[in-house]
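For reference, the structure is listed below as structure tokens.
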Amino acid sequence: METTLTILKPDSVAAGNAGKILAHLEEEGFTLRGLRVMHLTQAQARAFYAVHKERPFYDDLVAFMTRGPVIPAALERDNAVAHLRQVMGATDSAQAEEGTVRNLYGTSIEENAIHGSDSPENAVKELAFFFGEADRIASL
Ligand code: CMP
């Protein structure tokens, strides 16, 4: 078993798609091991996406991610990181394969409905960012 991190982004929460997206992920065999609703501060969004700080879209991304509440979730299943990336679809919602979360619920390359960790190493770091040590140990 492996655990990965998703974030239901402000576009998903504002559109009332959070429940549908969580149900979609459960139907894909993920078990919810951690879940919270939070409105990210600028500092939190900048820190989470620090890897993108030199990219031209960084300031817009931070503005988007702080626009409204998000729902970070710890998701467990076998091969969780790779499977979430498959279920999530391409970064650009317009390019995402039919039936993927970003195809169904995203609207652009930025407002793409959900985040998913891109490697097992980053999943560990990102889970630590949003969930306390007790939650993380319980889900590993
Ligand atoms: P995510 O998988 O959360 O990782 C970084 C985010 O930056 C990405 O989803 C998009 O929301 C956003 N993003 C990535 N590339 C671009 C881009 N070229 N233009 C605007 N936003 C982008």
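In this chain, numbering begins with 1 at the start of the sequence shown. Just follow the structure's listing: the first ligand is 1, and inside any ligand the first atom is 1.
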Among residues two or more places apart or on two chains, list those pairs meeting side chain to side chain donor-acceptor pair (under 3.5 Å) that have a residue in residues 6-25.
Lys9-Asn112, Asn17-Lys20
Mark yes or no for whether Gln44, through its side chain, and Thr41, through its backbone, hold a donor-acceptor pair below 3.5 Å.
yes
Between the side chain of Arg77 and the main-chain N/O of Thr31, is any donor-acceptor distance below 3.5 Å?
no
Heavy-atom distance under 4.5 Å between the side chains of Leu32 and Leu75, does that happen here?
yes
So what's ligand 1 close to, N/O to N/O, under 3.5 Å?
| unit_1 | atom_1 | unit_2 | atom_2 | d |
| --- | --- | --- | --- | --- |
| ligand 1 | 2 (O) | Arg102 | NH2 | 3.0 |
| ligand 1 | 3 (O) | Lys9 | NZ | 2.8 |
| ligand 1 | 3 (O) | Tyr49 | OH | 2.5 |
| ligand 1 | 3 (O) | His115 | ND1 | 2.9 |
| ligand 1 | 9 (O) | Lys9 | NZ | 2.9 |
| ligand 1 | 9 (O) | Asn112 | ND2 | 3.2 |
| ligand 1 | 11 (O) | Lys9 | NZ | 3.0 |
| ligand 1 | 11 (O) | Glu110 | O | 2.9 |

Taking Glu2 for its side chain and Ala80 for its backbone only, find out whether a donor-acceptor pair lies under 3.5 Å.
yes
Donor-acceptor pair, Arg102 side chain versus Gly89 backbone, under 3.5 Å?
yes
